Amino acid sequence: MLPFAGGEPFSLDETFGCGQIFRWRRTLRGTWRGPYGAVALEVQAVPGGVAVTWRGAGSAPPAGDIWRFLGLDFPLGRAREILGADAPVSRAMDATPGLRILRQDPWDCVSAFVCAQWSSVAKIERSTGWMAREWGETVPFPDGEVIHLCPRAGRLAALAPDALRPAGLGYRCRYVVGTAHAVAAGDVDLDALRGAEYPDALAALLRLPGFGRKVADCVLLFALDQPCACPVDVWVRRAFHDWYAEELASRLPSEADALTPREHRALVQFAWDRWGDLAGYAQQYLFHARRGAKQHLAVPEPRS
DNA sequence: GCTACACCTGC
DNA sequence: CAGGTGTAG
């Protein structure tokens, strides 16, 4: 059992269901199962902590790794106090107070988000699930369910891009194979990027095909220990413009139709100036709230 | 540096 | 018509 600090909020449903990870599923018992590198995990909320079991052919993942995977090392209570001064973030955190940012296996995360451009959560889940069933190792659970691990980079690198076409990846097929090749060949050492300075890790990821600023920031935030990374997509952009219109007015000429690189950088800088190293968490809550607002029509202070 | 445009698929 | 990136001007 992995404990967390007294009173620290944590929700499996909010954490695994917010769109930061694509291959994990909730079981009928309310636990969550999914791949984590070379093993499959099942996590269950218990009083005061989380119970974790693992299965697979590999060795047992260190408890500290799982602790960090679940984001339990992050002082969310303290972050809540700091971000509580920011009204929109505070409201967003009230909606999903137990949402934590995971620390995913780097390749699991890269291989998922390279599929993410101009896509949706549902579509990424289909594509990555298809690839895993086709090329991922299988790990059975006693009740008969089989977890398919994320295919290793070397496996995907050996494929012809068209082999991925049934996954519905379209023009992203060559990005998946190209990125897998770069990782398998050692052109990019994902593990070494943990602990690198943010600009260096960002530059390394931007060399991968299919990786622009948004996808790179997702990987930096969700796997590579960069809490300041702030992925800006159209939903985050809408959230910023909806809830920080006055603050942005002095930084941006106006809200254009297209999200230009210039506006993109300005929005990231805005997040850094306002939230510093908590920008990633602030982004995730605002992102989730803005998407939920669309679904539930419960927007705090909608624009126009 | 910046803006414009093509690109696969699915809901 | 969409939760972006690569490429050409």
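Note that the coordinates shown come from a computational prediction; the quantities given were computed from them, not determined experimentally. Here is the naming used below: chain letters follow the sequence lines, and residue numbers restart at 1 for every chain.
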(message) Name the residue from Gln284(A), Glu8(A), Gln20(A) that meets the side chain to side chain donor-acceptor pair (under 3.5 Å) definition with Arg100(A).
(response)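 Exactly one candidate clears the test, Glu8(A).
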
Heavy-atom side-chain contact between [X] and [Y] under 4.5 Å:
| X | Y | value |
| --- | --- | --- |
| Glu137(A) | Pro151(A) | no |
| Pro106(A) | Arg194(A) | yes |
| Leu193(A) | Asp225(A) | no |
| Arg26(A) | Arg33(A) | no |
| Gln44(A) | Val50(A) | no |
| Phe240(A) | Arg274(A) | no |
| Val139(A) | Leu149(A) | yes |
| Thr96(A) | Thr15(A) | no |

Within this structure, what is the [atom1]-to-[atom2] distance between [X] and [N], rounded to whole angstrom?
| X | N | atom1 | atom2 | answer |
| --- | --- | --- | --- | --- |
| Leu205(A) | dT5(C) | CG | P | 12 Å |
| Phe222(A) | dG3(C) | CZ | P | 16 Å |
| Arg290(A) | dG3(C) | CZ | P | 11 Å |
| Leu259(A) | dA2(C) | CG | P | 13 Å |
| Arg237(A) | dG4(C) | CZ | P | 10 Å |
| His264(A) | dG4(C) | NE2 | P | 9 Å |
| Arg262(A) | dG4(C) | CZ | P | 20 Å |
| Trp235(A) | dC1(C) | CH2 | C1' | 13 Å |

(request) Give me the first and last nucleotide of DNA chain B, going 5' to 3', that has any atom under 4.0 Å from a heavy atom of chain A. (result)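 Terminal contacting nucleotides, 5' to 3': dC2(B) to dC11(B).
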
(request) Grab the two heavy atoms, one from Leu224(A) and one from Leu190(A), that are nearest each other, plus how far apart they are. (result)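 Heavy atoms of Leu224(A) and Leu190(A) come nearest at CD2-O, 3.7 Å.
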
(request) Please report the closest heavy-atom contact between Ala153(A) and Ala180(A), naming both atoms and the distance. (result)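 Smallest interatomic distance, heavy atoms only, reads O-CB, 3.5 Å.
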
(message) Wobble G-U and Watson-Crick pairs count when both distances are under 3.5 Å; given that, what is the 5' to 3' dot-bracket string of DNA chain C, with | for pairing to other strands?
(response) ||.||||||

(message) Taking ring pair (Phe, Tyr, Trp, His ring centres under 6.0 Å) as the cut-off, I'd like each qualifying pair that reaches into residues 67-117 of chain A, sequence neighbours left out, listed once.
(response)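 Listed once each, the pairs are Phe22(A)-Phe113(A), Trp24(A)-Phe69(A), Tyr36(A)-Phe69(A), Phe74(A)-Tyr281(A), Phe113(A)-Phe222(A).
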
(request) Could you note down all residue pairs passing ring pair (Phe, Tyr, Trp, His ring centres under 6.0 Å) where residues 180-208 of chain A supplies at least one of them, sequence neighbours left out? (result)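 Those involving residues 180-208 of chain A are Tyr198(A)-Trp272(A).
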
(message) Applying a 4.0 Å non-hydrogen cut-off, can you work out what Pro231(A) is touching in the nucleic acid: base, sugar-phosphate, or nothing?
(response)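 No contact.
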
(request) Please work out which residues in residues 113-123 of chain A have a non-hydrogen atom less than 4.0 Å from an atom of DNA chain B and list them by number. (result)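 Hits under 4.0 Å, by residue number: Trp118(A), Lys123(A).
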
(request) For DNA chain B, find the residues of residues 162-175 of chain A with a heavy-atom distance under 4.0 Å and give them by number; none if there aren't any. (result)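 Heavy-atom contacts with DNA chain B come from Arg165(A), Gly168(A), Gly170(A), Tyr171(A), Arg172(A).
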
(message) Could you tell me how far dA8(C) sits from dC8(B) if I compare only their P atoms? Round to whole Å.
(response)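 15 Å, rounded to whole Å.
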
(request) Before accepting this row, confirm whether a basic side-chain N of the pair Asp162(A)/Arg165(A) lies closer than 4.0 Å to the acidic partner's carboxylate O. (result)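 Here Asp162(A) pairs with Arg165(A) in a salt bridge, since their nearest N and O are under 4.0 Å apart.
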
